[in-house]
Protein chains: 2
Amino acid sequence: MRLTTKGRYAVTAMLDLALHSDQGPVSLSDISNRQGISLSYLEQLFSKLRKSVLVTSVRGPGGGYRLSRLKEDIFVAQIVDAVNESVDATGCSGRSDCQGGTTCLTHYLWCDLSDQIHDFLNQISLAQLVAREDVRQVAERQSIESQQTCVDDKINAAIIG
Amino acid sequence: MRLTTKGRYAVTAMLDLALHSDQGPVSLSDISNRQGISLSYLEQLFSKLRKSVLVTSVRGPGGGYRLSRLKEDIFVAQIVDAVNESVDATGCSGRSDCQGGTTCLTHYLWCDLSDQIHDFLNQISLAQLVAREDVRQVAERQSIESQQTCVDDKINAAIIG
DNA sequence: ATTTACCCGACTATTTTAGTAGGTTATTCC
DNA sequence: GGAATAACCTACTAAAATAGTCGGGTAAAT
């Protein structure tokens, strides 16, 4: 089982995309600013998300990323699967060779757990997350903060220039 | 979220203990032989299991470990919690400071997932695992194999001696 | 032409995992 | 009493994964 910053970042970034999907392509630097994720790291993650056809890219000025399909049709499990290898709780990737070629004592337990996690994350779409009150509140705060950062940047640019 | 070999080994070892709990204390070297887990590593894990009062130890020849309470009253979640820090899917250990002091966009999602996993693993007792047909089959195979290893060891000892 | 922003590969510090090594202490059997 | 057994303890370590950084490309718009 592997659910670390990588998977969490990917879901956060995709949710950010979903929240701003009505305003044309979203650039990674916008996501980086709002979500506090390093730009270079986002690039690596989006490379994988693109290969899994969860997003499409638009190059050039004003470009960025778009969801490849409706918010309703993208599920958290798909995002985690795209960047992690899987949400698999077994040590043998389900191959039943956990104990030197044979099945270990707890193999079936971890299979059950994997199914459980996968079912849960496969039920939750980006649309559902966008609709949540707690998510909307965090998103609103981030929107205000990023506008402030934007103003700060312009002031700094004016001072330097 | 952290569920790796460490947590899996711990549950496997505890299940082995549960399976042989009617035959007096079980030594770590027995568990090591049957489950293919390194003895030194088992010692580290059992140090934690002992501190969490999931097992009690008996020193000296014929000693080993015993479950500290009934199979029915030990749950998988408790074992994983004892060796891992927790079955927590958030990056902030539930403190809501995932994004530089404030709550990240997906915090509540990972809280929900943590609850889901914890509820699932907290339902499953060692007694339930012992009763499972798939577990019994693996246990029986291991029992035969470890008897064979035992005979082999005696033959080797006889050759050397 | 220049800027924007995606794209790509290589490199790296840090952390965790999984395991080793080498000892000490308690208990039992001879 | 002494040898054997097995828990107990601390420190060390190789390998892997994580979470990045860096430095350059390439495509498209103004």
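These numbers come from a predicted model, not from an experiment. Just so we're on the same page: letters track the sequence lines, and every chain starts at 1.
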- Where does the angle between the aromatic ring planes of F46(A) and Y65(A) fall among parallel (under 30°), tilted (30 to 60°) and perpendicular (over 60°)?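 Correct class here is tilted.
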
- Item | T4(A) side-chain N/O to dA17(D) phosphate OP1/OP2 under 4.0 Å |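 Result: no.
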
- Could you tell me whether the phosphate oxygens of dA19(D), OP1 or OP2, come under 4.0 Å of any side-chain nitrogen or oxygen in T5(A)?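 It does, given that an N or O in the side chain of T5(A) lies less than 4.0 Å from OP1 or OP2 of dA19(D).
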
- Query: Does one hydrophobic cluster hold both V135(A) and F75(A), with members joined at side-chain heavy-atom distances below 4.5 Å?
  - Reply: no

- Query: Should V26(A) and L70(A) be regarded as members of a common hydrophobic cluster, given that ILVMFWY residues are connected when their side-chain heavy atoms come within less than 4.5 Å of each other, either directly or indirectly?
  - Reply: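 No.
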
So do [Y] and [X] actually touch side chain to side chain, heavy atoms under 4.5 Å?
X: R66(A); Y: S21(A); value: no
X: M14(B); Y: V55(B); value: yes
X: I31(B); Y: H20(B); value: no
X: Q99(B); Y: Q142(A); value: yes

- Message: Regarding Y9(A), tell me which of base, sugar-phosphate or nothing describes its non-hydrogen contacts under 4.0 Å with the strands shown.
- Response: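 Contact class for Y9(A): sugar-phosphate only.
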
- Message: Mind checking if S27(B) touches a base, just sugar-phosphate, or nothing, with heavy atoms under 4.0 Å?
- Response: sugar-phosphate

- Task: Scan D81(B), V80(B), I74(B) and name whichever one has a side-chain contact (heavy atoms from CB on, under 4.5 Å) with Q78(B).
- Result: I74(B)

- Item | Short side-chain donor-acceptor distance under 3.5 Å, S40(A) and S38(A) | no

d([atom1], [X]; [atom2], [N]) in whole Å:
X: K6(A); N: dT15(C); atom1: NZ; atom2: C1'; answer: 14 Å
X: L49(B); N: dC8(D); atom1: CG; atom2: P; answer: 11 Å
X: L28(A); N: dC8(C); atom1: CG; atom2: C1'; answer: 14 Å
X: L17(B); N: dA7(D); atom1: CG; atom2: P; answer: 11 Å
X: I37(B); N: dT17(C); atom1: CD1; atom2: P; answer: 16 Å
X: L45(A); N: dC6(C); atom1: CG; atom2: P; answer: 13 Å
X: Y41(B); N: dT17(C); atom1: OH; atom2: P; answer: 7 Å
X: R66(A); N: dA5(C); atom1: CZ; atom2: C1'; answer: 14 Å

- Nearest to side-chain heavy atoms of S38(B), which nucleotide of dG19(C), dG20(D), dA7(D):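 My answer, after comparing the listed nucleotides, is dG19(C).
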
- Message: Counting distance alone, no hydrogens or angles: does the base of dC6(C) have a donor or acceptor under 3.5 Å from a partner atom on the side chain of E43(A)?
- Response: no

- Task: Confirm from the modelled atom types if Q44(A) and dT21(D) form a donor-acceptor pair under 3.5 Å, side chain to base only.
- Result: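 When only heavy-atom distances are counted, Q44(A) does reach the base of dT21(D) through a donor-acceptor pair under 3.5 Å.
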
- Considering the terminal five base pairs at each end of the helix from dA1(C)-dT30(D) to dC30(C)-dG1(D), what angle separates the two local helix axes, rounded to 10°? 10°

- Heavy-atom count around E72(B) CD within 6.0 Å, excluding the residue itself: above 12? yes

- Where along residues 50-62 of chain B does a heavy atom fall under 4.0 Å from DNA chain C?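 Of all residues in residues 50-62 of chain B, the ones placing a heavy atom under 4.0 Å from DNA chain C are R59(B), G60(B), P61(B).
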
